[in-house]
Peer 1: 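Below you will find the structure I want to go over with you.
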Amino acid sequence: MRRRLFTLLAGPVIAALAAAAPASASTSYHEYVALGDSWTADVFVTLPPTTAYTPLDCAQSTSDYPHEVAGALGVETFRDASCGGAATPDFTQPQKLPLGGTNPPQFDRLTPTTDLVTVGIGGNDIGLASAVTKCLNVLPVSTCKAKFTAGGVDQLENAITATEPKIANALQGIHERSPQARVLLVNYLAGLPASGKGCWPVIPIADGDVAYLQAKFLHMNAMLARVAADNGAELVDTYTPTLGHDACQAPTVRYVEGLIPISVSNPLLLAFPFHPNGAGAAAQSEIVLGAVRGD
């Protein structure tokens with residue numbers, strides 16, 4: 001998840017979902033399309049990025065959860081449109097990328113015969129990436145919450161409210177282009193401590209600001225659950241089963257990396273800050289696959 005920057009050595013991955021697929025749902029699919037941002041593309045988990053479905057500067061991993069789910073299902077046709085930095089406008093418009101590439105509108109990969117779609121979007125529309133970077137502080141003093149709520153107006157809360165109809169429109173757009181598709185809206189992993197207490201200076205964000213960001217993160221995921229229920233999509237909850245694996249945990253436990261761009265969970269040890277690592281990608285894969293199969 002990042003418009004700017006928000007864009008294993010772990011044990012067995014827990015598989016779960018908040019809203020299970022109906023027991024009668026088919027688990028035999030022929031044409032699977034994945035849409036989403038960098039938390040879907042699982043940027044930097046494996047290098048170099050794949051260019052099979054998107055330009056190099058989307059930084060899409062060959063082991064992101066769409067690739068893993070497609071492989072496990074054995075689908076005949078698979079297209080992964082997910083791209084670092086993506087937001088809802090990039091579903092219907094070309095996305096200009098940092099190195100000069102252009103990802104075509106993600107909806108271009110949808111067809112009338114698409115029968116499975118996963119979607120992971122919203123964080124960049126809300127601006128949580130830039131919010132995290134603005135909260136970095138060399139001192140353990142809370143400052144960014146006051147800035148985001150100055151004058152009694154909560155900027156991030158307003159952004160979450162404004163993003164809800166955008167995602168609703170996106171889901172309706174998927175249904176229009178692929179009317180036979182089963183649509184799963186995937187929320188975001190537990191990247192921040194559920195307690196709201198941070199780990200300054202390892203991640204240099206004061207506790208008060210961590211608590212504020214965590215509250216907004218929860219509100220974002222609640223919004224995604226609501227918009228899925230209202231627009232004919234199934235919510236896949238990757239948050240609940242990944243609690244306790246946030247960025248403040250030990251290197252072999254966390255599923256999301258902090259500020260330092262290395263990870264013991266990634267093959268080349270490189271990571272993108274504040275994004276899922278290899279263990280997180282594996283968790284996403286298990287959870288989404290469980291939802292598709294109705295486990």
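Numbers for residues simply follow the sequence, beginning at 1.
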Peer 1: Using only atom types and a distance under 3.5 Å, with no angle test, would you say the side chain of D42 pairs donor to acceptor with the backbone of V45?
Peer 2: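 No, because the side chain of D42 does not come within donor-acceptor range (under 3.5 Å) of the backbone of V45.
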
Peer 1: Which atom pair, heavy atoms only, marks the closest approach of D80 to P66?
Peer 2: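 Heavy-atom minimum between the residues: OD2-CB, 3.6 Å.
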
Peer 1: Are L97 and F91 grouped together when hydrophobic residues (ILVMFWY) are joined by side-chain heavy atoms under 4.5 angstrom apart?
Peer 2: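 Each belongs to a different hydrophobic cluster.
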
Peer 1: Could you check if a side-chain atom of T242 sits within less than 4.5 angstrom of a side-chain atom of I287, using non-hydrogen atoms only?
Peer 2: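 In short, these two side chains touch, coming nearer than 4.5 Å.
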
Peer 1: Under the criterion side chain to side chain contact (heavy atoms under 4.5 Å, CB included), I'd like the reasoning laid out for D230 against V227: C-alpha separation, chi angles, the key distance, then a yes or no.
Peer 2: CA-CA 5 Å; D230 291 343; V227 77; 5.7 Å; no

Peer 1: Hydrophobic clustering (ILVMFWY, side-chain heavy atoms < 4.5 Å, transitive) - are W200 and L192 grouped together?
Peer 2: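 The answer is no; the residues belong to distinct hydrophobic clusters.
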
Peer 1: Of all heavy-atom pairs between A70 and Y32, which one has the smallest distance, and what is that distance?
Peer 2: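 Minimum heavy-atom contact is CB-CD2, 3.8 Å.
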
Peer 1: Roughly how far, to the nearest 0.5 Å, is the CG atom of L270 from the CD1 atom of I262?
Peer 2: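 Here the interatomic distance stands at 9.0 Å.
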
Peer 1: Is the shortest side-chain heavy-atom distance between L73 and L289 below 4.5 Å?
Peer 2: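 In contact.
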
Peer 1: State plainly whether one hydrophobic cluster holds both F217 and I203, where clusters connect Ile, Leu, Val, Met, Phe, Trp and Tyr through side-chain heavy atoms under 4.5 angstrom apart.
Peer 2: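 The answer is yes; both residues are in one hydrophobic cluster.
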
Peer 1: Aromatic rings F148 and Y212: how do their planes relate, parallel, tilted or perpendicular, breaks at 30° and 60°?
Peer 2: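 If you compare the ring of F148 with that of Y212, the planes turn out parallel.
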
Peer 1: Holding to side-chain hydrogen bond (donor to acceptor under 3.5 Å, both in side chains), I want the full list of residues that pass it with S61, two or more places apart in sequence or in another chain.
Peer 2: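 Expected list: T46, S63.
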
Peer 1: State, with a plain yes or no, whether a side-chain heavy atom of E31 is found less than 4.5 Å away from one of R79.
Peer 2: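 They are in contact (side-chain heavy atoms under 4.5 Å apart), so the answer is yes.
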
Peer 1: May I have all residue pairs that pass side chain to side chain donor-acceptor pair (under 3.5 Å) and include part of residues 166-181, sequence neighbours excluded?
Peer 2: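 Residue pairs with at least one partner in residues 166-181: Q172-N231.
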
Peer 1: For a side chain to side chain contact (heavy atoms under 4.5 Å, CB included) with V210, tell me which candidate from S142, C248, P193 qualifies.
Peer 2: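 The side chain to side chain contact (heavy atoms under 4.5 Å, CB included) with V210 is passed solely by P193 among S142, C248, P193.
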
Peer 1: Which atom names give the shortest non-hydrogen contact between L171 and A228, and what distance separates them?
Peer 2: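 It is CD1-CA, 4.2 Å.
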
Peer 1: Can you tell me how far CG of N124 sits from CG of D90, rounded to the nearest 0.5 angstrom?
Peer 2: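 With rounding to 0.5 Å, CG (D90) is 8.5 Å from CG (N124).
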
Peer 1: Would you indicate whether the side-chain heavy atoms of R182 and V292 approach each other to under 4.5 Å?
Peer 2: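 V292 reaches R182 side chain to side chain.
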
Peer 1: Kindly say whether T238 contributes a backbone atom to a donor-acceptor pair with the side chain of N187 at under 3.5 angstrom?
Peer 2: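 At least one qualifying donor-acceptor pair exists.
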
Peer 1: If you round to the nearest 0.5 Å, how far is CD1 of I126 from CD of Q155?
Peer 2: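 Here the interatomic distance stands at 13.5 Å.
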
Peer 1: Output all residues satisfying side-chain contact (heavy atoms from CB on, under 4.5 Å) with T54, sequence neighbours left out; order by chain, then residue number.
Peer 2: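 C58, Q60, N103, R109.
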
Peer 1: With side chains defined as the heavy atoms from C-beta onward, is the minimum distance between H67 and F78 less than 4.5 Å?
Peer 2: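 In short, these two side chains touch, coming nearer than 4.5 Å.
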
Peer 1: How far apart are the closest heavy atoms of G36 and Q106, and which atoms are they?
Peer 2: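 Nearest heavy atoms, G36 then Q106: N-OE1, 2.9 Å.
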
Peer 1: Does the side chain of D154 pick up a donor-acceptor pair with the side chain of T149 at under 3.5 Å?
Peer 2: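 Looking only at side-chain atoms, T149 and D154 do not form any donor-acceptor pair under 3.5 Å.
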
Peer 1: Looking at side-chain heavy atoms only, is the closest gap between Y188 and D37 below 4.5 Å?
Peer 2: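 They are in contact (side-chain heavy atoms under 4.5 Å apart), so the answer is yes.
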
Peer 1: For L185, run the side chain to side chain contact (heavy atoms under 4.5 Å, CB included) check against T118, V117, L224, V236 and tell me which one passes.
Peer 2: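 The residue from T118, V117, L224, V236 that satisfies side chain to side chain contact (heavy atoms under 4.5 Å, CB included) with L185 turns out to be L224.
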
Peer 1: Please report the interatomic distance CD(E257) to CG(N277), rounded to the nearest 0.5 Å.
Peer 2: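 Output value for this atom pair is 4.5 Å.
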
Peer 1: Go through the steps to decide whether L189 and Y239 satisfy the test side chain to side chain contact (heavy atoms under 4.5 Å, CB included), and finish with yes or no.
Peer 2: CA-CA 4 Å; L189 296 176; Y239 177 83; over 6 Å; no

Peer 1: For a 4.5 angstrom cut-off between non-hydrogen side-chain atoms, does R226 reach E164?
Peer 2: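 A side-chain contact under 4.5 Å exists here.
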
Peer 1: Determine whether V138 and V141 fall in the same hydrophobic cluster, where Ile, Leu, Val, Met, Phe, Trp and Tyr are linked whenever their side-chain heavy atoms lie under 4.5 Å apart.
Peer 2: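 Same cluster: V138 reaches V141 through Ile, Leu, Val, Met, Phe, Trp or Tyr contacts under 4.5 Å.
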
Peer 1: When hydrophobic residues are tied together by side-chain contacts of less than 4.5 Å, even through go-betweens, does M220 share a cluster with L243?
Peer 2: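 They do share one cluster, since a chain of ILVMFWY contacts under 4.5 Å joins M220 to L243.
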
Peer 1: I174 versus L110: any side-chain heavy-atom pair under 4.5 Å?
Peer 2: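 Heavy-atom side-chain distance check passes, below 4.5 Å.
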
Peer 1: Which pair of heavy atoms, one from Q284 and one from W39, lies closest together, and at what distance?
Peer 2: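 It is NE2-O, 2.9 Å.
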
Peer 1: In this structure, are over 12 heavy atoms from other groups packed under 6.0 Å from I260 atom CD1?
Peer 2: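 Counting neighbours around CD1 of I260, 12 or fewer heavy atoms of other residues, nucleotides or ligands fall under 6.0 Å, so no.
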
Peer 1: Nearest 0.5 Å, please: how far is CD in E76 from CG in D115?
Peer 2: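 The CG atom of D115 sits 9.0 Å away from the CD atom of E76.
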
Peer 1: Hey, what do you get for CG (L128) to CG (D125), rounding to the nearest 0.5 Å?
Peer 2: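 With rounding to 0.5 Å, CG (L128) is 10.5 Å from CG (D125).
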
Peer 1: Could you please spell out the steps behind the side chain to side chain contact (heavy atoms under 4.5 Å, CB included) verdict for V119 and T40?
Peer 2: CA-CA 8 Å; V119 192; T40 296; over 6 Å; no

Peer 1: Indicate the atoms forming the closest heavy-atom contact of L35 with S82, along with that distance.
Peer 2: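 In terms of heavy atoms, the two residues are closest at C-CB, 4.4 Å.
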
Peer 1: Check the pair D209 / K145 against salt bridge (charged side-chain N to carboxylate O under 4.0 Å, His left out), numbers first and verdict last.
Peer 2: CA-CA 6 Å; D209 293 335; K145 177 183 177 181; over 6 Å; no

Peer 1: Ignoring hydrogens and geometry beyond distance, is a side-chain donor-acceptor pair present between T133 and S130 at under 3.5 Å?
Peer 2: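 No - no donor-acceptor pair under 3.5 Å links their side chains.
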
